[in-house]
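Protein chains get the first letters and strands the later ones, always in sequence-line order, with residue 1 at the start of each. This is a predicted model, so every value here is computed, not measured. Note that these values count all heavy atoms, side chains included, but never hydrogens, waters or copies made by symmetry.
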2 protein chains.
Amino acid sequence: MPSEVAVKESARAVRMSGDERREQILLAARHVFAEGGFAATTDEVARAAAISQPYVVRLFGSKRDLFVEVYRQAAGEVIEVLTAAAQEADPGEAMGRAYLELIEDRDLLRLLMHGFIASADEEVGRVARHCLGEAYRLFVASTGAEPDEARQFVAFGMLLNVLVAVDADAHRGEDAGMDALIDCVVLATRRAQA
Amino acid sequence: MPSEVAVKESARAVRMSGDERREQILLAARHVFAEGGFAATTDEVARAAAISQPYVVRLFGSKRDLFVEVYRQAAGEVIEVLTAAAQEADPGEAMGRAYLELIEDRDLLRLLMHGFIASADEEVGRVARHCLGEAYRLFVASTGAEPDEARQFVAFGMLLNVLVAVDADAHRGEDAGMDALIDCVVLATRRAQA
DNA sequence: GTCTATAGACAGATAGAC
DNA sequence: GTCTATCTGTCTATAGAC
């Protein structure tokens, strides 16, 4: 027989401060939206955060507002990390390394991708374009590289995003061309890190 | 006062053969899905094709089946065009040119992007990965280029896709970094075409 | 070949209790 | 701070008529 506390906890979420709860929901929403894009539901977010669906809406106003806040935060982190890397001794190498570390957070990257295409929403589109633009601008400004080199840096990032989005690694062996592409990309990233 | 014919046409779609109608719906659906991804509705498709929503479902079985067919067709066209280009005298240049022509069809590109991320559906994911893999494989096979060069070809394609998806060109002047990136990309494509 | 009517499911948001 | 109950709108899919 479950203890009285356990019963209470399963029916009703543990009480938190508003700020704690907001942070927790933002984290849960990042994962949920990363998987399903804007089409994911506030109910999924609520379940991931172990609270009720109306409470999610209550705290953020609307699903759209929640999505925009999650997206802003994610894009902000990317820009922040790249900005920090751009101030290191070898900015080009540091930015490459930084992006590879970012990409390990599959949720972050998939979320970014959703924003690139969910530009249906004007605000999301603005943030997405700014994030892309900053990656390019930072590379040029910090390394003094030619435009073409910076362009290749960003392009490689987009390739990595797409490979993460289509879950390429988990489907090795299904398509010869894709396998070869992954091999080449893996080699290129190893070279960059060496 | 509208003629009797006009009244009839506004209430009831012009009769077509099944094949004609299927083609027309596929075209309409390509546009609708390119805009809204899988979240777009069968009702939007129906309005775009000027027929009733249940008829769309009737002809394709389900919205998911329609989406998959639209996506297969789009990916097939891309592979077909790239394959043809790969058989020309200067395959590297021809494939670049071919992709630039493809990209002028905004619907096609946005649809592809949606598939890259709508890989939630297993079949769509498979098609998306194959399309990417083929672009890489064809480039290597036809030009004999080093893997890295082919990788850069595909990466540049992904960058173009994303720029189309975020509607970068229509938002010039809003973000300095993005403006510089667009300029650089435009120059690079001009160089490739010269 | 195409429609109207509608069933059935679900999601986002609101109201109000505790 | 958090929930339950519920309204309202929307969407896919089916049934059956023409």
Side-chain angles (χ1 to χ4, degrees), chain A residues 4-29 32-33 35-71 114 118 120-121 124, chain B residues 4-29 32-33 35-71 114 118 120-121 124:
Chain A
E4 198 189 336
V5 171
V7 168
K8 273 187 184 164
E9 281 184 356
S10 74
R12 182 170 288 270
V14 191
R15 215 179 165 84
M16 279 189 197
S17 81
D19 281 357
E20 276 176 318
R21 192 55 93 185
R22 279 182 68 92
E23 284 313 307
Q24 187 220 359
I25 294 178
L26 284 170
L27 198 65
V32 171
F33 285 139
E35 285 300 312
F38 186 71
T41 66
T42 53
D43 194 60
E44 292 174 80
V45 174
R47 279 201 302 271
I51 54 174
S52 71
Q53 177 267 330
Y55 192 29
V56 172
V57 174
R58 162 90 77 157
L59 279 183
F60 290 87
S62 73
K63 168 173 142 174
R64 190 253 174 190
D65 288 345
L66 173 58
F67 187 87
V68 170
E69 186 150 342
V70 168
Y71 199 70
H114 272 115
D121 188 287
V124 172
Chain B
E4 199 189 334
V5 171
V7 167
K8 273 187 182 164
E9 281 184 359
S10 72
R12 180 170 288 270
V14 191
R15 215 180 164 85
M16 279 187 197
S17 81
D19 282 355
E20 276 176 317
R21 189 57 91 187
R22 279 182 68 92
E23 284 312 307
Q24 187 220 358
I25 294 178
L26 284 170
L27 198 64
V32 171
F33 285 139
E35 285 299 313
F38 186 71
T41 67
T42 53
D43 194 61
E44 293 174 80
V45 175
R47 278 202 301 272
I51 55 174
S52 71
Q53 177 268 330
Y55 192 29
V56 172
V57 174
R58 161 88 75 151
L59 279 182
F60 289 88
S62 73
K63 168 172 142 174
R64 190 253 174 190
D65 289 346
L66 173 59
F67 187 87
V68 170
E69 186 150 344
V70 167
Y71 198 72
H114 271 114
D121 186 286
V124 171

Whole-Å distance separating the [atom1] atom of [X] from the [atom2] atom of [N]:
X	N	atom1	atom2	answer
B:Met16	C:dT2	CE	P	7 Å
A:Gln24	D:dT2	CD	P	9 Å
A:Phe60	C:dG12	CZ	P	15 Å
B:Asp65	D:dA13	CG	C1'	12 Å
A:Leu66	C:dA11	CG	P	16 Å
B:Arg47	C:dC3	CZ	P	14 Å
B:Leu59	D:dT14	CG	C1'	15 Å
B:Phe67	D:dC11	CZ	P	17 Å

Open item on the list: Across nucleotides 13-18 of chain C, 5' to 3', mark each nucleotide with B, S or - according to how protein heavy atoms within less than 4.0 Å reach it.
Closed with: BB-B--
Smallest separation among heavy atoms of [X] and [Y], with atom names:
X	Y	result
A:Arg21	A:Val14	NH2-O, 2.7 Å
A:Gly37	A:Phe67	C-CE1, 4.1 Å
A:Thr41	A:Val32	O-CG1, 4.3 Å
B:Glu35	B:His114	O-CE1, 3.8 Å
A:Val45	A:Ala28	O-CB, 4.2 Å

- [ ] Using the side chain to side chain donor-acceptor pair (under 3.5 Å) rule, collect all pairs that involve residues 48-57 of chain A, keeping only residues at least two apart or in two chains.
- [x] A:Thr42-A:Gln53
- [ ] Look at B:Arg15 and C:dT2 and indicate whether a side-chain polar atom (N or O) is within less than 4.0 Å of OP1 or OP2.
- [x] no
- [ ] For B:Ala40, answer base if it contacts any base atom (sugar-phosphate contacts may also be present), sugar-phosphate if it contacts only those atoms, and nothing otherwise; contact means non-hydrogen atoms under 4.0 Å.
- [x] sugar-phosphate
Task: Sugar-phosphate, base or nothing in reach of B:Ser52, heavy atoms under 4.0 Å - done: base
TODO: Report yes or no: is the cationic atom of B:Arg22 (NZ for Lys, CZ for Arg) under 6.0 Å from the centre of the six-membered ring of B:Phe60, at an angle within 45° of the ring normal?
DONE: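 Satisfied, under 6.0 Å and within 45°.
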